[in-house]
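Below is one structure, written out as structure tokens; comments come after it.
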There are 2 protein chains.
Amino acid sequence: MFGECTGIGGIIVKSNVTMRDIADKLGVSSVTVSKALNDKEGVSDELKEKIKIVAADMGYRFNTHARSMKEGLSYNLGIVIPERFTGSTQAFYLQFYQLLSKVLDSFHYSGILHILSQEDEDQLVLPRIYNEKKVDGFIILGQIGKEYVKQIQKIESPVIFLDFYTDQNEIDSVLSDNFYGVYEVTNYLIRNGHRKIAFVGNIHATSSIQDRFLGYYKSLLEHRIDLNHQYVIKDRDDLGKYIDIDVPQDMPTAFVCNNDEVAYNLINMLQKSGISVPDDCSVVGFDNSIYSTLTDPPLTTVEVDMEEMSKVAVKFIMEKLNNPQKKYGRTFIKGNIVFRDSVKPIK
Amino acid sequence: MFGECTGIGGIIVKSNVTMRDIADKLGVSSVTVSKALNDKEGVSDELKEKIKIVAADMGYRFNTHARSMKEGLSYNLGIVIPERFTGSTQAFYLQFYQLLSKVLDSFHYSGILHILSQEDEDQLVLPRIYNEKKVDGFIILGQIGKEYVKQIQKIESPVIFLDFYTDQNEIDSVLSDNFYGVYEVTNYLIRNGHRKIAFVGNIHATSSIQDRFLGYYKSLLEHRIDLNHQYVIKDRDDLGKYIDIDVPQDMPTAFVCNNDEVAYNLINMLQKSGISVPDDCSVVGFDNSIYSTLTDPPLTTVEVDMEEMSKVAVKFIMEKLNNPQKKYGRTFIKGNIVFRDSVKPIK
DNA sequence: CTGAAAGCGCTTACAG
DNA sequence: CTGAAAGCGCTTACAG
């Protein structure tokens, strides 16, 4: 594999420089070189400096695999995204992956993306990166099947679920605070005089939607507004496929949508049937995704703090790596309301 | 690192099973186990089968790092995306990464994303995954600075540029056929009777835009239509920041936009000033991105065949891994026109 | 068809 | 402050 080639003047130039090569050149041992390059104790400062310079001169590159063999750590983390969340309109989780990848870099870790196919999810097939010990742990993005969760819990590596939880115990997850986000944005609508407020979302499709609904419901309860079941409107079937939104006969004055895309669709639908937003009715979304700036008027929505969520998820993994017994349970990260122009007060 | 723990009935259970453990259990050598698990010659079929079963029973997982050490291959590939292409509205390259990651999987490779910060790009700092030999090569997504290209060309690992080229020689790149894509969509406009056709894009911002412009120009030339410099309209400054689009005094009947996002902005702008698309003028885009379905009417555009591009890029890398001398130069992958409703014939 | 030996490039005790 | 020895878990010749 590693060739030698004849350099200028016929000198043999190794294309693959190791610590031993550096050691030989300086007449020291490879142990000393290892200590110097890793800034460990037991080597004089002068020698350390000299070794570092020679290493750079010789074009030395550290071989992670040798260290991995000794330590049993790969310094890689697997990021798993179920295939069905990776359509060309769904950049959300890829965005997360990108943030995670940056945070991991600061820990000298790398992130390896694994798209979990529906087939592998059904058959409970674990990622190849697990079977080949390419990663030290996993961050799972988005909802996956209960059985697969069980399967993943069996492995000894640390796992954190991001943007998803189930009632299965012993699961550590980092979540956006869906409940309080929608609670607060609904409060905001009520402060603006709205009382006929609908919620748009299938509350049996995902736990996120369920929690968002409950935040909406809590706000109603606190303000002594009865929950009108006509005002809980499906946006998708139980499998997550979007369906046409049925606006109730008795028109609400405001809509709380479970996400921006749905709000985008709703606004277009309303405007086509001659209903103006926000003049005739107000609409709020969730996510602060690309859709929130594409509506006209732009959408008041709840921004998920993806960056903070990524930081916390990685921090948890790192701590579980040191202490596998460590448990976190569910951790909620607060989002922020982004005020735009899709809400209008009612007199 | 690897503990032993006392299992049921006080039997010592190793949490980290190696080939040696399997060998000991069966009274064979680890060489035989290695051959059996890798389906190599020199082991009887019965023994192979027995070894595989025992391996599965014992929960054996292959250790990539040991193999990597011997072979000098990591079975990882670095995917580099410059930071400035990773805004929350730009899922394009992340989408590419996802496709690449799937293709790599079929070669038993994994993709490691590296977001190249502007600072590292300016300082010519190579990714840590290179300095730690975590990857066997690189796919670079999107335009990067000339000096950085030079820096990357110095390394001995194979590199493929995806969706970008420069005039720097010895560079292998896989590109969408910008030139012919726009050439054909402009031909389509001309077949529909248009002759006053504008191009929207700063032709000095990226080589993609330049090529798209040239495809537009070739179509004009072939149809003996003079290039009107008023009809080449900037959409961004030379650094890529979008600016307001200045529609020329003498209104064109059709606009060829360098991408869908620009087409989206243009259509909104036109409609706000009372110009109807496609009745008053036609608009075409490029990319078939999310924007193409968000315009009203939906956009006729050119679809980039990202999947094919990903396949070809990975294939090239794999072949360069076997034969580092191999050169490909520029490879263009054809896109397809997606016909929607933003073009209307002229009498 | 099977296996003993050597080696990939590091790091971790341990001895001096 | 420095280094010899052993080992991480595989695979590659080579010998039988």
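Quantities reported herein were computed from a predicted structural model and do not represent experimental measurements. Any value given below was found using the heavy atoms of this structure, including those in side chains, with hydrogens, waters and symmetry copies removed. Proteins get letters first, then strands, A, B, ... in listed order; numbering begins at 1 in each.
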When pairs are called at under 3.5 Å and a stem needs at least three consecutive Watson-Crick or G-U pairs, the stems of DNA chain C are C:1-3 with D:14-16, C:5-12 with D:5-12, C:14-16 with D:1-3
Salt bridge (Lys or Arg N to Asp or Glu O under 4.0 Å) against B/K35, all qualifying residues, sequence neighbours excluded
none
Between P on C/dG9 and CG on B/L73, what's the gap in Å once rounded to a whole number?
13 Å
Can you give the donor-acceptor pairs under 3.5 Å from side chains of residues 23-32 of chain A to other protein atoms, not counting sequence neighbours?
residue: A/D24; atom: OD1; partner: A/R20; partner atom: NH1; Å: 3.4
residue: A/S29; atom: OG; partner: A/V31; partner atom: N; Å: 3.2
residue: A/S29; atom: OG; partner: A/T32; partner atom: N; Å: 3.3
residue: A/S29; atom: OG; partner: A/T32; partner atom: OG1; Å: 3.4

Are OP1 or OP2 of C/dC8 and a side-chain N or O of A/N16 less than 4.0 angstrom apart?
no
Heavy-atom count around A/K50 NZ within 6.0 Å, excluding the residue itself: above 12?
no
Partners of B/D136 by salt bridge (Lys or Arg N to Asp or Glu O under 4.0 Å), sequence neighbours excluded?
none
Pair up each side-chain donor or acceptor in residues 321-330 of chain A with any protein partner under 3.5 Å, not counting sequence neighbours, and list the distances.
residue: A/N323; atom: OD1; partner: A/Q325; partner atom: N; Å: 3.2
residue: A/Y328; atom: OH; partner: A/E319; partner atom: OE1; Å: 2.5
residue: A/R330; atom: NH1; partner: A/T166; partner atom: O; Å: 3.4

Applied to residues 109-127 of chain A, the salt bridge (charged side-chain N to carboxylate O under 4.0 Å, His left out) test, sequence neighbours excluded, yields A/R84-A/E121
Among residues 43-54 of chain A, which ones have heavy-atom contacts with DNA chain D below 4.0 Å?
A/V43, A/S44, A/L47
Give me the distances for all protein-to-nucleotides 10-13 of chain C N/O pairs that come in under 3.5 Å?
residue: C/dC10; atom: OP1; partner: A/Y60; partner atom: OH; Å: 2.8
residue: C/dC10; atom: OP2; partner: A/M19; partner atom: N; Å: 3.0
residue: C/dC10; atom: O5'; partner: A/Y60; partner atom: OH; Å: 3.2
residue: C/dT11; atom: OP1; partner: A/N38; partner atom: ND2; Å: 3.0
residue: C/dT11; atom: OP2; partner: A/S34; partner atom: OG; Å: 2.1
residue: C/dT11; atom: OP2; partner: A/N38; partner atom: ND2; Å: 3.3
residue: C/dT11; atom: O2; partner: A/K70; partner atom: NZ; Å: 3.2
residue: C/dT12; atom: OP2; partner: A/K40; partner atom: NZ; Å: 3.1

In whole angstroms, how far is the P atom of D/dC8 from the CE atom of B/M69?
12 Å
Could you name each residue pair satisfying ring pair (Phe, Tyr, Trp, His ring centres under 6.0 Å) that touches residues 108-137 of chain A, not counting sequence neighbours?
A/Y75-A/Y109
Pairs meeting criterion side-chain hydrogen bond (donor to acceptor under 3.5 Å, both in side chains) with involvement of residues 140-151 of chain B, two or more places apart:
B/K146-B/D167, B/E147-B/K150, B/Q151-B/K154
With B/K320 via salt bridge (Lys or Arg N to Asp or Glu O under 4.0 Å) - residues at least two apart:
B/D172
Tell me which donor-acceptor pairs under 3.5 Å the side chains of residues 305-313 of chain A have, and how far apart each pair is, sequence neighbours excluded?
residue: A/D305; atom: OD1; partner: A/E308; partner atom: N; Å: 3.2
residue: A/S310; atom: OG; partner: A/M306; partner atom: O; Å: 2.7

